[in-house]
Asks: 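Below: one structure in structure tokens.
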Amino acid sequence: TWLSESDLKADYDRVTIRASSGKPQSVSLIPDSYFVLKIPDKGYARFFLELDRGTETTKRFKQKAQAYLTYYQSGAYTKRYNSKSMRVVTVTTGSKRLENLKHVTEEAGGKHTFWFALASDMNTDTILTHPLWQIAHQEGQWPLIS
């Protein structure tokens with residue numbers, strides 16, 4: 001299954017997060033894509049994809065991480081996608097940017113749900129099964145599917 005950003009924009013969800021001021025703030029949740037992979041002998045893995053080109057601030061990315069966490073914790077994700085498993089995978093352009101995005105995601109409370117990788121490390125042979133991915137609050141690099 002693959003849903004593009006335009007598919008998701010046609011019917012997106014909103015969540016309420018706490019702004020840096022502490023006040024409630026309603027934000028839209030529109031990932032760049034959503035996809036589901038069927039993994040032999042393991043079932044299905046579900047992912048939101050964020051393609052980061054370095055155009056948004058880390059403050060905005062932190063809000064996005066908070067929105068994903070709130071979406072999941074509220075049960076709205078499970079209700080809409082009929083699943084409890086969710087990963088947010090972010091592909092970005094540089095090592096420093098990856099480090100910064102991972103850091104602000106961890107500050108937002110993101111953990112094993114949030115994965116990060118560099119676009120330059122990926123190709124069709126490596127994207128799923130090679131240890132390219134860094135996980136919030138973990139050291140090392142991991143394969144997306146093992």
Side-chain angles (χ1 to χ4, degrees), residues 1-37 39 44-124 126-146:
T1 302
W2 182 274
L3 298 175
S4 69
E5 182 178 22
S6 58
D7 295 328
L8 296 164
K9 275 185 179 177
D11 181 26
Y12 62 89
D13 293 309
R14 295 187 75 79
V15 295
T16 301
I17 63 171
R18 294 258 173 231
S20 55
S21 65
K23 293 182 181 182
Q25 177 182 5
S26 178
V27 296
S28 58
L29 189 66
I30 307 172
D32 292 317
S33 294
Y34 173 80
F35 62 99
V36 180
L37 298 176
I39 304 165
Y44 295 91
R46 292 161 171 81
F47 304 88
F48 286 114
L49 173 64
E50 292 292 337
L51 296 173
D52 177 73
R53 295 172 189 90
T55 58
E56 68 184 1
T57 66
T58 54
K59 179 181 177 182
R60 171 67 184 116
F61 194 87
K62 184 176 182 179
Q63 287 179 328
K64 195 177 282 191
Q66 291 171 316
Y68 277 115
L69 288 168
T70 300
Y71 188 53
Y72 183 78
Q73 292 165 352
S74 72
Y77 167 79
T78 300
K79 183 177 178 182
R80 180 169 184 161
Y81 294 97
N82 196 29
S83 176
K84 291 186 180 180
S85 71
M86 177 184 94
R87 272 190 258 178
V88 179
V89 294
T90 301
V91 178
T92 192
T93 56
S95 297
K96 186 64 176 167
R97 178 73 175 171
L98 186 150
E99 183 182 310
N100 289 338
L101 296 179
K102 184 179 174 199
H103 176 74
V104 297
T105 299
E106 292 167 349
E107 285 182 343
K111 295 184 181 174
H112 64 277
T113 300
F114 295 89
W115 294 51
F116 303 86
L118 296 173
S120 59
D121 290 343
M122 295 183 182
N123 62 51
T124 56
T126 63
I127 192 168
L128 296 176
T129 58
H130 284 70
L132 309 175
W133 296 89
Q134 295 183 41
I135 305 170
H137 280 292
Q138 289 189 25
E139 296 297 320
Q141 291 183 288
W142 307 87
L144 195 60
I145 305 296
S146 57

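Only this structure's heavy atoms are used, side chains among them; waters, hydrogens and symmetry mates stay out.
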Asks: Taking NZ, NE, NH1 and NH2 as the nitrogens, is one of them in Lys96 or Glu99 under 4.0 Å from a carboxylate oxygen of the other?
Replies: yes
Asks: With a 4.5 Å limit on heavy-atom distance, are the side chains of Tyr44 and Thr1 in contact?
Replies: no
Asks: Using atom types as modelled and distance alone, determine if a side-chain donor or acceptor of Thr126 lies under 3.5 Å from a backbone N or O of Asp121.
Replies: yes
Asks: Measure across Val27 and Ala67 and return the closest heavy-atom pair with its distance rounded to 0.1 Å.
Replies: CG2-CB, 3.8 Å
Asks: Going by atom type alone, with no hydrogens or angles, which donor-acceptor pairs under 3.5 Å involve a side-chain atom of residues 68-75 and a protein atom two or more places apart or on another chain?
Replies:
from: Tyr68; atom 1: OH; to: Glu50; atom 2: OE2; distance (Å): 2.5
from: Thr70; atom 1: OG1; to: Gln66; atom 2: O; distance (Å): 2.9
from: Tyr71; atom 1: OH; to: Asp13; atom 2: OD2; distance (Å): 2.4
from: Tyr72; atom 1: OH; to: Lys84; atom 2: O; distance (Å): 2.6
from: Ser74; atom 1: OG; to: Thr70; atom 2: O; distance (Å): 3.3
from: Ser74; atom 1: OG; to: Tyr71; atom 2: O; distance (Å): 2.9
from: Ser74; atom 1: OG; to: Ala76; atom 2: N; distance (Å): 3.2

Asks: Is any side-chain heavy atom of Pro24 less than 4.5 Å from a side-chain heavy atom of Arg18?
Replies: yes
Asks: Which atom pair, heavy atoms only, marks the closest approach of Thr90 to Leu101?
Replies: CG2-CD1, 4.1 Å
Asks: Between NZ of Lys102 and CZ of Phe114, what distance do you get to the nearest 0.5 Å?
Replies: 13.5 Å
Asks: Is there side-chain contact between Leu98 and Leu118, with heavy atoms separated by less than 4.5 Å?
Replies: yes
Asks: Please report the closest heavy-atom contact between Glu5 and Pro31, naming both atoms and the distance.
Replies: CG-O, 3.8 Å
Asks: Are any non-hydrogen side-chain atoms of Arg14 and Ser28 less than 4.5 angstrom apart?
Replies: yes
Asks: Check residues 131-138 and write down every donor-acceptor pair under 3.5 Å in which the side-chain atom is one partner and the other belongs to a residue at least two apart or another chain.
Replies:
from: Trp133; atom 1: NE1; to: Ile127; atom 2: O; distance (Å): 3.0

Asks: What I'd like to find out is whether the side chain of Asn82 reaches to under 4.5 Å of the side chain of Arg46, using heavy atoms alone.
Replies: no
Asks: Can you classify the ring geometry of Tyr34 versus Phe48 as parallel (below 30°), tilted (30 to 60°) or perpendicular (above 60°)?
Replies: tilted
Asks: To check you understand the geometry: which heavy-atom pair defines the closest contact between Pro143 and Ser146, and what is its length?
Replies: CG-CB, 4.0 Å
Asks: Would you please test Val36 and Tyr81 for side chain to side chain contact (heavy atoms under 4.5 Å, CB included) and show each step?
Replies: CA-CA 10 Å; Val36 180; Tyr81 294 97; over 6 Å; no
Asks: Do Phe116 and Thr105 have side-chain heavy atoms sitting under 4.5 Å apart?
Replies: yes
Asks: Flag yes if more than 12 heavy atoms outside Asn123 fall under 6.0 Å of its CG atom; otherwise flag no.
Replies: yes
Asks: Set out, in order, the CA-CA distance, both residues' side-chain angles and the distance that settles side chain to side chain donor-acceptor pair (under 3.5 Å) for Ser6 and Ser4, then state yes or no.
Replies: CA-CA 5 Å; Ser6 58; Ser4 69; 3.0 Å; yes
Asks: Measuring from Ile30:CD1 to Asp11:CG, what's the distance to the nearest 0.5 Å?
Replies: 10.5 Å
Asks: Looking at CG of Asp52 and OG1 of Thr58, how far apart are the two atoms once the value is rounded to the nearest 0.5 Å?
Replies: 10.0 Å
Asks: For side chain to side chain contact (heavy atoms under 4.5 Å, CB included), just list the numbers for Lys64 and Val104, CA-CA rounded to whole Å, side-chain angles, deciding distance to a tenth of an Å, and then say yes or no.
Replies: CA-CA 10 Å; Lys64 195 177 282 191; Val104 297; over 6 Å; no
Asks: Check Thr55 against Arg97 and note the closest heavy-atom contact, atom names and distance.
Replies: N-NH2, 4.5 Å
Asks: Distance check, rounded to the nearest 0.5 Å: Ser85 atom OG versus Tyr77 atom OH?
Replies: 5.0 Å
Asks: Measure from the side-chain N and O atoms of Arg87 to the backbone N and O of Leu144, and report whether any donor-acceptor pair falls under 3.5 Å.
Replies: yes
Asks: Can you tell if the side chain of Leu49 reaches within under 4.5 Å of the side chain of Trp2, non-hydrogen atoms only?
Replies: yes
